[in-house]
Amino acid sequence: MPATTPADHPRVERYDPTEVEPRWQQKWEELGLYRTDLRDESKPRYYLLTMYPYPSGDLHIGHWYIKTPTDAIARFRRMHGYNVFFPIGFDAFGLPAENAAIKSGIHPRKWTMRNIENMRRQLRSMGATFDWNAEVVTCEPDFYRWNQWFFLKFLQAGLAYKAMAAVDWCPKDQVVLAREQVEGADRVCWRCGTPVIKRDLEQWFFRTTAYADELLTYEGIEWPEPVRVMQTNWIGRSEGAEVVFRTAPDEHQPGGDELRVFTTRPDTLFGATFMVLAPEHPLVEKLTHPDRRDEVERYRFEARRKTEIDRLSTDREKTGVPLGAEAYNPVNGERIPIWIADYVLLGYGTGAIMAVPAHDERDYEFARQFRLPIRQVIAPRDAERAEEVARRIRGEGVEGSAYVSKAESDVMVDSGEFTGLSSPEGIRAVTHALEAKGQGRSAVTYRLRDYLISRQRAWGTPIPVVYCERDGIVPIPEDQLPVLLPDDYEFRPQGGNALEHHRPFLDTTCPRCGGPARRETDTMDTFVDSSWYWWRYLSPDKEDAPIDRELEERWCPVDQYTGGAEHAVMHLLYSRWFCKALADLGIVKEREPFRRLFNQGQILGADGERMSKSRGNVQDPDELVSRYGADTVRLFLMFMGPWDQGGPWSPTGIGGIARFLDRVWRVTVDPHGREAGDGDGFRAVDAVGKLPGDDDGGTLVDGARSPERTLLSAAHRTLKAVTSDYEGFRFNTMVAKLMELTNLLMRARGTAVAASDEYREAVRLLLLMLAPAAPHIAEELWSRRLAERGEEWRSIHSESWPAWDESLVAAESIELPVQVNGKLRDRVLVPVGLPQAEIERIVLESAKVRAALGGRTPDRVIHVGGRLVNLVVR
RNA sequence: GCGGAAGUGGUGGAACGGCAGACACGCAAGUCUUAGGAACUUGUGCCCGAAAGGGCGUGGGGGUUCGAGUCCCCCCUUCCGCACCA
């Protein structure tokens, strides 16, 4: 399909993307233009990664919004001489396939593979430069066997373990969820939005908390601030002290039990007037006084029954019951009562607190509720403020509340030998004193929990262990991997894990003793797949190891990752953890997976809601592509607004992009404008590359520059600006600048200027600049241009990015804005580089300026780099 | 409540502390009578004015500055994340 030249046609062809685009896509594929040779060291590497899609069956416009600008980056980098690696794959395990299986009886593998087929076609229609040779599909045994391999390594290293825990369970998906996967104040499943409930189950975990501190460092990575903040908050490191209280003896128990609490405020220890345990705390049983048993049992039962929503709601009144037992405060030996209350969570800290109502809002509320003593032990140094605070704590005044400040200007009061110390000093001193007596130590607590990976689902990576009657939990030896999923399991309409009913899978023998054993039926969360898939792209067929270490060292960390911020505390956090764990196991070298991250925004439905089939607000890209062509859709998505912003979908304005490409077509293939009405004589540009307003009527040239040179100068100026826009992912302004240049070429079209070398050079630059964003039309016009000049064909995408000429970028004359006292009064045309004295002379000649000055002489004249003049008068 | 991001024409959005509204959409008038996403020209922030011109304008209020959409302080609104985390 050699490119046709205009000469072959009696009339000038119209731009027809439906003819142009498939033709070039086929050609690129034939040439293998985007197959990356990972061993090629002649060029610098650039690993560009876009989050791989879930094969739901159809691509929607959001996928285009995510992927086509990333493709433009790939092409832009390639033109800069990088060896670009831009792979794609499929996140192929997961619930929708299994739900489809339950509904229709079709095997999840079949369903998934059929969807992948369709999505491959759709992804190809983008005209993106994905290297399909590196494709990874996570539901293939070749991939998931390595999940099992990693699991065994983690198990060995103590980074994977099984434990009983109160976990979040989604009743609809019939599956447990990791803490990160429960969202919002109403505690719903991240996938289906159903409120979760708590269940006590034995589950598999990855020890993410082992790397909590390193995960807080972000060393050597450039990530958006919001994501780093979210991760930091999620990890929730908090420094303080663990304090040991001892229970006091009474008539039914001897006392002496240790009650450990975590506090960030050891300086308030003298203000502890009671203790609170989580209702599930293991010591509750033992400490409860027989007289209190009924009440305590009732409370614990209620707490369990309550949904997470009820229990966690902040505006709910505090509830709790006393155990009828007491503990000694380690600093003063005072006996204080022990309560249970559901505002204390078993899963955080030690599941028990010392309550200091004067200096903690929650304890304050609780103390008020149950008329427990409130004792102030911290006060502002300033006497007047101290009085105010004291009244506030006593609740005398408008409203009572705790005083929680721990500033340097706050001092300890009524605190024995510590009285008078500032709050920060007190924290150190009290901790130290406790440590000396063996009654406490400084401690750090995290909000982060270990990553719960077990899923009670059949369509996922089998967890490679068996349960042996004799040997208990036995891992499958490495050389017996993979544990394969059956091809014939039966899905029951009522749901549940089909593996549990599959005898051949279930019944096995113990690898250790050879006796009968039962296989683990839980599978791994799909975020395990996405925690390492980018390494697999480097060597998808490697059989003796998951990751090619040599290629990992050469290509990692990923240079640029693009994807949505919704994964901030899930995928992006798990991936960082995985990387650190693998680095410590010697499997990879780098400790961070993604050097730079960019979060593009999200395209919402026209209704402003998230696009989903159930809402019926999904925009199908195929329809747009067949109507307008891929290039128009690509550019439209880039032009919509800043890439990190997203927004509701609206096709309004896509016609403007189509018209733009049509103009690009015409200024290239038909510079002389055969159509009537085109081009009405060349009207030059002003110094900033804008068309002059029509009010000035005449032609304007840039200083002594001819119209031809002015045009060329505008093209170079555009090149400089567009280069910087691509680098900063500012695609919307990039497109706008290409439009400006095209509009300028339209002005020149049909005039003598259009016959000039400068015009042709401006068109050449335009095509090169357009190539990353609208690859098909750029390639087509490029090939026509080459044919016209009798040059041999070479893809525009193999061309080098052009360089601009600074002398051409610089304007020769400028319309200088003149302000009087900061208000714009006139503009005067001056040559660039005119001495300030000369400028002032010209400016003062202006009638408008003189009128604004009203006969006064400027006291000061401010020159802003030859770009603006401000006359200041008193 | 805490943390983050953001508030600019009818709309999407531009603007190193220096001409607010680039570039588009939409709308209006016009040219050409037009094979089919028509194309092209012109206008389009608001108010006064026939025009020239002037005034006002970036959520609100202060401030810094010759000059503020941009920097600082206070307030309001929207979106996102966390949410009794001791």
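Every chain is numbered from 1, with letters handed out A, B, ... down the list of sequences.
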Peer 1: Under 4.0 Å from OP1 or OP2 of B:A35: is there any side-chain N or O of A:R14 that close?
Peer 2: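 False: A:R14 side-chain N/O out of range (4.0 Å or more) of B:A35 OP1/OP2.
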Peer 1: State which of B:A83, B:G53, B:C25 makes the closest approach to the side chain of A:K848.
Peer 2: B:G53
Peer 1: Does A:R627 have more than 12 heavy atoms from other residues, nucleotides or ligands lying within 6.0 Å of its CZ?
Peer 2: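 It does not: A:R627 CZ has 12 such atoms or fewer within range.
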Peer 1: Atom CG of A:L345 and atom C1' of B:C82: how far apart are they, to the nearest Å?
Peer 2: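 After rounding, the gap between these two atoms is 14 Å.
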Peer 1: State whether A:K823 places a side-chain N or O below 4.0 Å from either non-bridging phosphate oxygen (OP1 or OP2) of B:G54.
Peer 2: no
Peer 1: Now, which nucleotide makes the Watson-Crick or G-U wobble pair with B:G30, with each of the two distances under 3.5 Å?
Peer 2: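 Across any shown strand, B:G30 pairs with B:C40.
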Peer 1: When you match A:P226 and A:I862 each to their closest nucleotide on RNA chain B, which lands nearer the 5' end?
Peer 2: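 Its nearest nucleotide being more 5', the pick is A:P226.
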Peer 1: Mind checking the C1' distance from B:G7 to B:G21? Whole angstroms is fine.
Peer 2: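 Straight-line distance between the two C1' atoms is 16 Å.
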Peer 1: Using the ring centroid of each side chain, check whether A:F639 and A:F731 are separated by less than 6.0 Å.
Peer 2: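 Ring centres of A:F731 and A:F639 not closer than 6.0 Å.
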Peer 1: Contact class for A:E225 (heavy atom, under 4.0 Å): base, sugar-phosphate, or nothing?
Peer 2: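 If one applies the 4.0 Å heavy-atom cut-off, A:E225 turns out to touch nothing in the nucleic acid.
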Peer 1: Would B:G9 be called syn or anti, given that syn covers angles within 90° of 0?
Peer 2: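 What B:G9 shows is a syn base, its glycosidic angle lying within 90° of 0.
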Peer 1: Remember a base hit wins even if backbone is also touched, and classify A:N870 as base, sugar-phosphate or nothing at under 4.0 Å, heavy atoms.
Peer 2: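 Counting heavy atoms under 4.0 Å across all strands, the contact made by A:N870 includes a base.
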Peer 1: Does any nucleotide pair with B:G3 by Watson-Crick or G-U wobble geometry, both distances under 3.5 Å, and what is it?
Peer 2: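 The base-pairing partner of B:G3, which may sit in any strand shown, is B:C80.
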Peer 1: Identify the nucleotide, in any strand shown, that forms a Watson-Crick or G-U wobble pair with B:U11, with both distances under 3.5 Å; if there is none, say none.
Peer 2: B:A24
Peer 1: Does A:R179 make a side-chain N or O approach to OP1 or OP2 of B:A83 shorter than 4.0 Å?
Peer 2: yes
Peer 1: Can you tell me if the side-chain N/O atoms of A:R663 get under 4.0 Å from OP1 or OP2 in B:G37?
Peer 2: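 No, no such contact exists.
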Peer 1: Starting at the 5' end of RNA chain B and moving along, which residue's nearest nucleotide shows up first, A:S238 or A:V569?
Peer 2: A:V569
Peer 1: Please determine, for the side chain of A:R659, which listed nucleotide (B:A86, B:G26, B:G53) has the closest atom?
Peer 2: B:G26
Peer 1: For B:G45, give the paired nucleotide (Watson-Crick: N1-N3 plus N6-O4 or O6-N4; G-U: N1-O2 and O6-N3; both under 3.5 Å), or none.
Peer 2: B:C56
Peer 1: For B:G12, does either OP1 or OP2 sit under 4.0 Å from a side-chain N or O belonging to A:N732?
Peer 2: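 Answer is no, no contact under 4.0 Å.
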Peer 1: Rounded to whole angstrom, note down the P distance from B:C72 over to B:C25.
Peer 2: 36 Å
Peer 1: Look at the rings of A:F370 and A:F366 and say which category their plane angle falls in: under 30° parallel, 30 to 60° tilted, over 60° perpendicular.
Peer 2: tilted
Peer 1: Can a side chain N or O of A:R747 be found less than 4.0 Å away from OP1 or OP2 on B:C40?
Peer 2: no
Peer 1: Could you tell me whether A:V864 contacts a base, only the sugar-phosphate backbone, or nothing, with contacts defined as non-hydrogen atoms closer than 4.0 Å?
Peer 2: base
Peer 1: Under 4.0 angstrom, heavy atoms only, what part of the nucleic acid is A:G236 near: base, sugar-phosphate, or nothing?
Peer 2: nothing
Peer 1: Is the shortest side-chain N/O distance from A:Q819 to OP1 or OP2 of B:C66 below 4.0 Å?
Peer 2: no
Peer 1: Does A:K737 contact B:C23 through a side-chain donor or acceptor facing the base, at a distance under 3.5 Å?
Peer 2: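 Answer no: no donor N or O sits under 3.5 Å from an acceptor.
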Peer 1: Which nucleotide sits closest to the side chain of A:N743: B:C84, B:A86, B:A24?
Peer 2: B:A24
Peer 1: Decide salt bridge (Lys or Arg N to Asp or Glu O under 4.0 Å) for A:E740 and A:K737; before the verdict, give the C-alpha distance in whole Å, the side-chain angles of both, and the deciding distance to 0.1 Å.
Peer 2: CA-CA 5 Å; A:E740 285 188 69; A:K737 281 159 196 160; over 6 Å; no
Peer 1: Which one is paired to B:G18, where only Watson-Crick or G-U wobble pairs with both distances under 3.5 angstrom count?
Peer 2: B:C66
